[in-house]
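Quick notes on the structure that follows.
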Amino acid sequence: MADSETPFRYDAAFADRIEIAWQQRWERDGVYRVGNPGDAGFDASKPKFFVLDMFPYPSGAGLHVGHPEGYTATDIVARFKRMRGCNVLHPMGWDAFGLPAEQYAVQTGVHPRVTTAKAIDNFRRQLKRFGFCYDWGREFGTIDEGYVRWTQWIWLQAYASWYDSKAGKARPIAELEAAVAAHDEAVEVGGVAKKWSACTPLERQRWLDTRRLAYLGEQTVNWCPKLGTVLANEEVIDGRSERGGHPVKRLPLKQWMFRITAYADRLLEDLSLVDWPDSTRVQQAEWIGRSEGAEIDFAVEGFGALRVFTTRPDTLFGATYMVVAPEHALVEAVTKGAGSLDAAARAKLAAYVLASRDRADVDRQADSKEKTGCFTGLHAVNPATGERIPVWTAEYVLMGYGTGAIMAVPAHDERDFAFAKAFELPIRQVVEIAGQPFTGEQATSGEGAAVHSASKALSIDGKATVEAKRAVIEWLEGAGLGKRRVNYRLRDWLFSRQRYWGEPFPVVFDEHGKHHPVAESKLPLTLPELADYAPIESDTPLPPLGKATDWVNITAADAGIDPKVLPATSKVRRETNTMPGWAGSCWYYLRYCDPMNAARFVSKEAERYWMTGPDGASRGVDLYIGGNEHAVLHLLYARFWHKMLFDLGHVSTPEPFAKLFHQGLITSHAYQRTDRTLVAVDQVEERDGKFFEKGGGEVTQVVAKMSKSLKNVINPDDVIAEYGADTFRLYEMYMGPLEASKPWNTRDIAGVFRFLQRTWRVAVCERTGALLLAAKASDEIERLLHRAIKKVADDIERLAFNTAIAALIEVVNAATRPTEMTDPTQGGMTREQLDRFTRLLAPFAPHMAEEIWAKLGHATSVTGAAWPAFDAAMLVDSSVQLAVQVAGKVRAHLTVPADASAADVERLALAEPKIAELLGGKPPRKIVVVPKRLVNIVP
RNA sequence: GCGGGCGUGGCGGAAUGGCAGACGCGCUGGAUUUAGGUUCCAGUGGGCGCAAGCCCGUACAGGUUCAAGUCCUGUCGCCCGCACCA
């Protein structure tokens, strides 16, 4: 503790005092503000660096220790890049729409805006206490009207666009409409082709809706009548809601969708443009799930064509039955009386369909071992063999993938094989695989050569799989029975939520059910006030916004619709669904470039500068750090929005995030009994280096996630109170590699705190607060400094902060004065050395760095100082110690000049008495000299 | 099942194919201090040895190489993602 003897000792209270003082001064002086091209004093010829954190959802619980991990990393990079002469864009804001505030509102009646504002204030306070160098002048929340307006505007851009697959990009849908109208093309409406001029306005819209990027589509959802909301698959367990255990129905619902599938190929291919972790790119690629194959039409007696997708058209001759998903239209037709089933069989089929319908996808997949299914009574014809094959329905075929129907080839597909065995269906080998003979015991699914694959129509016997596929597809195309097709696992994106606390859709419906976009001049469309936020309990989805009847029922003029389209007084209804939480996070990085712009979502100049740099060479956000829990959805959705905006000419780069990095999870400790159950931290005591459960046996320390129940949650506010923000920042960066998951170890924080104390003592007298400077520069410290200048810079570039800090510690340790040293000018660093060291320290411990920097006589913040230069000559010592190995084992050491020649080194090594003795006078077979490292003698 | 990643002291971790264990924690001893704490100095992978030194050691088993924690093959264990995707 600081006492009257040492009032300038660096302790918690002292750290607190200087940290808060510097934070106030930074704010007062606007040290971290950065302008935009065109602003006074902004040099747009300087390189830029855009370093971004995944912005937080401000929960009522406040920051946890995981937040500052990524934020400290970006803070260090931002400060470093500034010192390297970049204009740095380093913003922070709030992903503030979301369910927790809405649920709280349902329970308490407090408006989500109120709770959210409070949570934001708390988050901002906590973040500021860390001394992060955000340009707070660019702060915004996704709920701000000035932001919502442009989120809605972007949605309108998608609404007004279609994907031109010939051009490979999005275009205004007005162009499509004009082209179709100009040629009076026939379009397909309700299954029949019709001249454009003969279509009603509603029919035209329906057709255009099949092209729009934001369109009204139908999707099967998990609807929980009791909760009054649609649930995600993960929220449904055994047909009941995870929360409350209420029944869940699966029903089709008209909702706004994004045609993200149109971008599937580009989202996949452009993964090669970005510097992202492999695991994340792989996850995205798998999520997109591209597979090449063919679609084939099978004639079903009394029904028409049944279309399937297969990646193995070469196995067509082995298709001995077909399976459709229980939701397939064919099954519905049969249950309604089509086909030849008797009443009992039909009832059985209906029961099967009903049972599977109320089970969500997730549950179907859970018990994947047992194959269930039901015969539909229908038969199809295998187009290759002419054989009559039965059509079944089974849960193992998913309606959401391909066409919801398959041709089953049990000999060469494990799932089909298991099903065929269970229901005694025929199995026919049609592929011979080298080294994997077909025995009938299990399916063989690799590539090989086609066998038993000949008929009057087609013969592919002997062809290798690749050739056989091609031959079958050619034949199908010639016969009009099918064609080549690329299929994706990715589905269109369901963008409607039956919630209150989200962006309203800027769209209205007229009395015919036709939708009209709300005019841009009427944006932002804000949420109505509600007396009660509870969802409406009903059998069909009714969003809470439906309660706001005055808001919902308006006129065409209110929506800003052109009177030529709809008379001003026409009654229209607003869309009552809202956008999901993803909406705001899809483009916030763009808004940071120009957050206050009222005329555009981002100015062209600001976007171009911050996304591409002064020379246009940059490829978006230069560094984006966040957790890998967003590896797929957020990052895929944001890329999709960005590509739409790119196609429409609103942004300059094809990808938003050039480099992505995931920080690891910060875990904690807990204790484990011998039966592997966990014990909370407060129930354990340490004795003689062992751990015992209070009133129980010995337990072992294990790594566990932080959780309230284990009482091992670390609160950042507490840690800052005990050590200060600089120590907190330093500790999290020193724990280990940024990407690694690592346990918080309270005992270890003292280590970095002591490092800061030692640093302070090297520079400043604890009694007087005066600088303590060495009279003469020590050569050792000078060399260490040069080495640290290089290493810290290199390590920051590769985000290896733990080793960068280790290099700083080494400098300070060398400069530390022993107790017995009575003359402080004999140790420590010279003024000029300390000046450079302080700049190295600044990105990591900015508050202490500022304090020392000021004592060194600088009037302005260290933030604006330049990163020091190193002299390459100072990185190597004049003489080096080499290891002398005999047969790869170190047997002696040799000190030689750094520039000693290989021949000299050889000679000296052989002259070493110990080595000569080991060699026993025999000439060595080989000598390898690695300059400045070692010499290896092979006897 | 498929895909990605990881196994190094008592603990967190370091190491462009070139002396394994930087740096920190903890621990041991010493100095300073009335004492505790603090601070400073020294030591700290295991084994044998008074010592010089020797042997072993990066999950395990092989291989490539003058040289392997690092590259290759196989095995075991752990973590993450996806999962009846036709």
Side-chain angles (χ1 to χ4, degrees), chain A residues 1 6 9 11 277-283 285-287 289 291 293 308-312 315 323 361 364-371 394-398 400-409 413-416 418-419 445 487-490 628-629 631-632 665 669 689 701 703 731 734-737 739-752 754-755 757-758 761 766 800 802-810 813 816-821 881-893 914 924-939:
Chain A
M1 289 297 288
T6 55
R9 183 172 167 75
D11 58 20
D278 279 343
S279 63
T280 305
R281 287 197 303 210
V282 167
Q283 277 182 60
E286 284 177 354
W287 188 263
S291 58
V308 302
F309 172 73
T310 177
T311 55
R312 292 297 299 270
T315 62
V323 188
D361 286 347
R364 286 205 204 172
Q365 290 154 8
D367 38 49
S368 60
K369 299 198 178 62
E370 303 260 319
K371 288 278 182 288
E395 282 185 354
Y396 86 91
V397 172
L398 309 173
Y401 185 79
T403 61
I406 62 159
M407 64 176 206
V409 184
D413 181 284
E414 283 170 36
R415 298 152 299 177
D416 296 345
F419 191 81
S445 55
N487 193 56
Y488 299 92
R489 201 185 79 108
L490 181 71
N628 65 4
E629 66 272 22
V632 177
L665 197 68
H669 287 295
Q701 194 178 49
V703 169
Y731 174 63
Y734 192 62
M735 290 170 78
E739 68 276 19
S741 155
K742 43 211 176 274
W744 182 280
N745 197 339
T746 303
R747 200 159 60 180
D748 291 349
I749 307 173
V752 286
R754 284 202 285 257
F755 159 62
Q757 285 186 316
R758 207 153 53 237
R761 247 190 330 265
E766 293 187 328
N802 53 337
T803 51
I805 294 166
L808 296 176
I809 293 174
E810 286 187 74
N813 286 354
T816 296
R817 300 176 187 82
T819 319
E820 60 271 22
M821 184 182 284
Q881 199 186 42
L882 300 186
V884 183
Q885 297 182 330
V886 175
K889 294 194 172 184
V890 180
R891 296 300 181 179
H893 285 98
K914 181 114 192 288
R925 283 197 294 144
K926 187 171 180 181
I927 303 181
V928 181
V929 176
V930 183
K932 293 173 201 167
R933 295 254 179 213
L934 55 72
V935 44
N936 190 11
I937 300 166
V938 188

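Hydrogens, waters and symmetry mates play no part in the numbers below; they use all other heavy atoms, side chains included. Lettering of chains follows the sequences in order, A, B, ..., and the numbering in each one begins at 1.
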Within the 4.0 Å heavy-atom criterion, would you say A:R891 contacts the bases, only the backbone, or no part of the nucleic acid? sugar-phosphate
What pair of heavy atoms forms the shortest contact from A:D278 to A:R281, and how long is it? OD1-NH2, 2.9 Å
Please give the distance between the P atoms of B:G62 and B:U70 as a whole number of Å. 14 Å
For RNA chain B, the expected dot-bracket line (Watson-Crick or G-U under 3.5 Å, [ ] crossing, | inter-strand) is (((((((..(((.....[....)))((((((.......))))))((((....))))..(((((..]....))))))))))))....
Would you mind telling me which of B:C82, B:C66, B:A86 lies closest to the side-chain atoms of A:T311? B:A86
Begin with the C-alpha distance, continue with both residues' side-chain angles, and end with the deciding distance and a verdict on side-chain contact (heavy atoms from CB on, under 4.5 Å) for A:I406 and A:Y401. CA-CA 10 Å; A:I406 62 159; A:Y401 185 79; over 6 Å; no
With sugar-phosphate taken as primed atoms, P, OP1 and OP2 and all else as base, the protein-contact string of nucleotides 1-32 of chain B at under 4.0 Å (heavy atoms; B, S, -) is --SS-------BSSS--BB--BBSSS------
Counting neighbours of CD on A:E414 that are heavy atoms of other residues, nucleotides or ligands and sit closer than 6.0 Å, is the number greater than 12? no
Closest heavy-atom pair and its distance - A:F309, A:N487: CZ-CB, 3.3 Å
Using atom CD of A:E629 as one end and atom C1' of B:G81 as the other, report the distance to the nearest whole Å. 13 Å
Determine the interatomic distance between C1' on B:A35 and the same-named atom on B:U58; round to the nearest Å. 45 Å
Span that lies between the P atom of B:C25 and that of B:U38, in whole angstrom: 12 Å
Please state how far atom NZ in A:K926 lies from atom C1' in B:A67, giving the value in whole angstrom units. 10 Å
Roughly how many Å apart are B:G3 and B:U8, using the P atom of each and rounding to a whole number? 25 Å
N-glycosidic conformation, B:G9 - syn within 90 degrees of 0, else anti: syn
Reading RNA chain B from 5' onward, which residue's closest nucleotide shows up sooner: A:I937 or A:P818? A:P818
When the P atoms of B:C48 and B:G37 are considered, how many whole Å apart are they? 32 Å
Quick test of your reading: applying salt bridge (Lys or Arg N to Asp or Glu O under 4.0 Å), list the pairs with at least one residue in residues 740-750 of chain A, sequence neighbours left out, ordered by first then second residue. A:E69-A:K742
Touch class at under 4.0 angstrom, heavy-atom based, for A:T816 against every strand present: sugar-phosphate
May I have the step-by-step check of side-chain contact (heavy atoms from CB on, under 4.5 Å) for A:N745 and A:Y731, ending in yes or no? CA-CA 10 Å; A:N745 197 339; A:Y731 174 63; 3.8 Å; yes
Under 4.0 Å between a side-chain N or O of A:K889 and OP1 or OP2 of B:G57? no
Between A:K914 (side chain only) and A:R891 (backbone N and O only), is there a donor and an acceptor less than 3.5 Å apart? yes
To the nearest Å, give me how far apart CH2 (A:W287) and C1' (B:C82) are. 9 Å
When rounded to whole Å, the CZ to P distance for the pair A:F309 and B:C84 reads 17 Å
Nucleotides 43-46 of chain B: which of its N/O atoms have a protein N/O under 3.5 Å away?
none

Can you tell me how far P in B:A14 sits from the matching atom in B:C6, rounded to whole Å? 12 Å
Test log, rule side-chain contact (heavy atoms from CB on, under 4.5 Å), inputs A:H669 and A:V703: CA-CA 5 Å; A:H669 287 295; A:V703 169; 4.2 Å; yes
Inter-nucleotide P distance (B:C76, B:A61), Å rounded: 15 Å
The salt bridge (charged side-chain N to carboxylate O under 4.0 Å, His left out) partners of A:R761 (sequence neighbours excluded) come to A:E766
Would A:T315 and A:M407 count as a side-chain contact (heavy atoms from CB on, under 4.5 Å) if you check the C-alpha gap in whole Å, the side-chain angles of each, and the deciding distance to 0.1 Å? CA-CA 9 Å; A:T315 62; A:M407 64 176 206; 3.7 Å; yes
A:Y488 meets the side-chain hydrogen bond (donor to acceptor under 3.5 Å, both in side chains) criterion, sequence neighbours left out, with A:D265
Can you confirm whether A:E810 sits close enough to A:N813 that some side-chain heavy atom of one is under 4.5 Å from a side-chain heavy atom of the other? no
Expressed in whole Å, how much space separates the P atoms belonging to B:C23 and B:C40? 15 Å
From CZ of A:R281 across to P of B:C82 the rounded distance in Å is 19 Å
Where is the tightest heavy-atom contact between A:M735 and A:P743, given as atom of each residue plus distance? CE-O, 3.2 Å
Among the nucleotides B:C54, B:U39, B:A86, which one has an atom lying closest to any side-chain atom of A:V397? B:A86
Please determine if a side-chain N or O atom of A:R489 lies less than 4.0 Å away from the OP1 or OP2 oxygen of B:A83. yes
